[in-house]
Chemist: 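Here it is: the structure, laid out below.
Note that the coordinates shown come from a computational prediction; the quantities given were computed from them, not determined experimentally.
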Amino acid sequence: ARGARTAVHDIASGVEREIDTGDLRNSGPVIAVDGSVVFAGTTVSDPAQIYAVAPGHAPRPLTDGPGDKNLQEINATGTAAIVAIRNAGSGGRGFSATTPTFGLLSLPDGGWSVIEGSSPSFSADGRTFAFVVRSENESRLMVADTAKPEAPTVVRKGPERIDVPALSRDGNRA
């Protein structure tokens, strides 16, 4: 919200440092592997994007493009985040009827991949993620290495609907 204060409190030392997010309205902050704060931020007129900021530095955008972005999940190692993308549509429903997409954000470098699919989730160790791709007559369960989101593997496909995939701790079973 406008005027919200973002701070990082070091539990061991008790030191708290305020993070300046400028004029951005921000929500859902998480701490990445490098200690930077990653959050969804928006101005009055632009869609929400994902930003990273560290003490003493200005926020830098990690995502771009249409649709509001929201941090959905960060992996256990703090090296990647699943980003929900909500595209405004017409017809009064507020969402478009386009193919569902989500984003995978590499942290802290900001590598950004938009992926066609839905219901993404990380394995507990954070090295693998799964998602579902649907067509009119088929559901496909996809699994990819978090470091190589552009190369998913189909691990199951068929006419049965697949919802909410889950991976084993090490990502070897779905």
Chemist: Using the ring of each side chain (for Trp, its six-membered ring), is F129 parallel, tilted or perpendicular to F122, with breaks at 30° and 60°?
Modeler: perpendicular
Chemist: Output yes when a side-chain donor or acceptor of Q49 lies under 3.5 Å from a complementary backbone atom of D64, and no otherwise.
Modeler: yes
Chemist: Which atom pair, heavy atoms only, marks the closest approach of A147 to D145?
Modeler: N-OD1, 2.7 Å
Chemist: Rounded to the nearest 0.5 Å, what separates atom CD1 in I31 from atom CD1 in I19?
Modeler: 8.5 Å
Chemist: Verify whether one side chain among E116 and T99 offers a donor that lies under 3.5 Å from an acceptor in the other.
Modeler: no
Chemist: Applying a strict under-4.5 Å side-chain criterion to I, L, V, M, F, W and Y, I'd like to know whether V33 and V53 cluster together.
Modeler: no
Chemist: When you group the ILVMFWY residues by side-chain heavy-atom contacts below 4.5 Å and let the links chain together, are W112 and V38 in the same group?
Modeler: yes
Chemist: Assigning hydrophobic clusters by single linkage (Ile, Leu, Val, Met, Phe, Trp, Tyr; side-chain heavy-atom cutoff under 4.5 Å), is V154 placed with F102?
Modeler: yes
Chemist: Name all residues meeting the side chain to side chain contact (heavy atoms under 4.5 Å, CB included) criterion together with D46; count only those two or more places apart in sequence or in a different chain, and write none if there are none.
Modeler: T43
Chemist: Taking the side chain as every heavy atom from C-beta outward, state whether V8 and V37 have any atom pair closer than 4.5 Å.
Modeler: yes
Chemist: Which is it for R173 and L167 under the side-chain contact (heavy atoms from CB on, under 4.5 Å) test, yes or no, and what are the steps along the way?
Modeler: CA-CA 6 Å; R173 291 185 312 271; L167 292 169; over 6 Å; no
Chemist: Going by heavy atoms in the side chains, are N70 and S27 under 4.5 Å from each other?
Modeler: yes
Chemist: Do I85 and V114 have side chains that get closer than 4.5 Å, going by heavy atoms?
Modeler: yes
Chemist: Are L24 and I50 in one and the same hydrophobic cluster, where Ile, Leu, Val, Met, Phe, Trp and Tyr link if side-chain heavy atoms are under 4.5 Å apart?
Modeler: no
Chemist: In Å and rounded to the nearest 0.5 Å, what is the CG to CD distance from L104 to E73?
Modeler: 10.5 Å
Chemist: Do I74 and L107 have side chains that get closer than 4.5 Å, going by heavy atoms?
Modeler: yes
Chemist: About how many Å separate OG1 of T6 and CD of E18, when rounded to the nearest 0.5 Å?
Modeler: 8.0 Å
Chemist: Is the count of non-hydrogen atoms from other residues, nucleotides or ligands lying under 6.0 Å from R60 atom CZ greater than 12?
Modeler: yes
Chemist: Does G110 offer a backbone N or O that forms a donor-acceptor pair with the side chain of S106 under 3.5 Å?
Modeler: no
Chemist: Looking only at heavy atoms, which two atoms of D10 and S13 are closest? And how far apart?
Modeler: OD1-N, 2.8 Å
Chemist: Rounded at 0.5 Å granularity, tell me how far CG in N137 sits from NZ in K157.
Modeler: 13.0 Å
Chemist: Measure the spacing between OG1 of T42 and CG of D23 and express it to the nearest 0.5 Å.
Modeler: 12.0 Å
Chemist: Any chain of hydrophobic side-chain contacts (each under 4.5 Å) joining V143 to V132?
Modeler: yes
Chemist: Look only at the side chain of D68 and the backbone of A48, and say whether a donor-acceptor pair between them is shorter than 3.5 Å.
Modeler: yes
Chemist: Which residue pairs pass the side-chain hydrogen bond (donor to acceptor under 3.5 Å, both in side chains) test with at least one member in residues 117-134, sequence neighbours excluded?
Modeler: S123-D125, D125-R127, R134-D163
Chemist: Write down the atom of A144, the atom of P152, and the distance for their closest heavy-atom approach.
Modeler: CB-CA, 3.8 Å
Chemist: Sequence neighbours excluded, which residues qualify as side chain to side chain donor-acceptor pair (under 3.5 Å) partners of E150?
Modeler: none
Chemist: Under the 3.5 angstrom rule, does the side chain of T153 hit a backbone N or O of V155 as a donor-acceptor pair?
Modeler: no
Chemist: Using 0.5 Å steps for rounding, measure from the CG atom of L141 to the CZ atom of F131.
Modeler: 9.0 Å
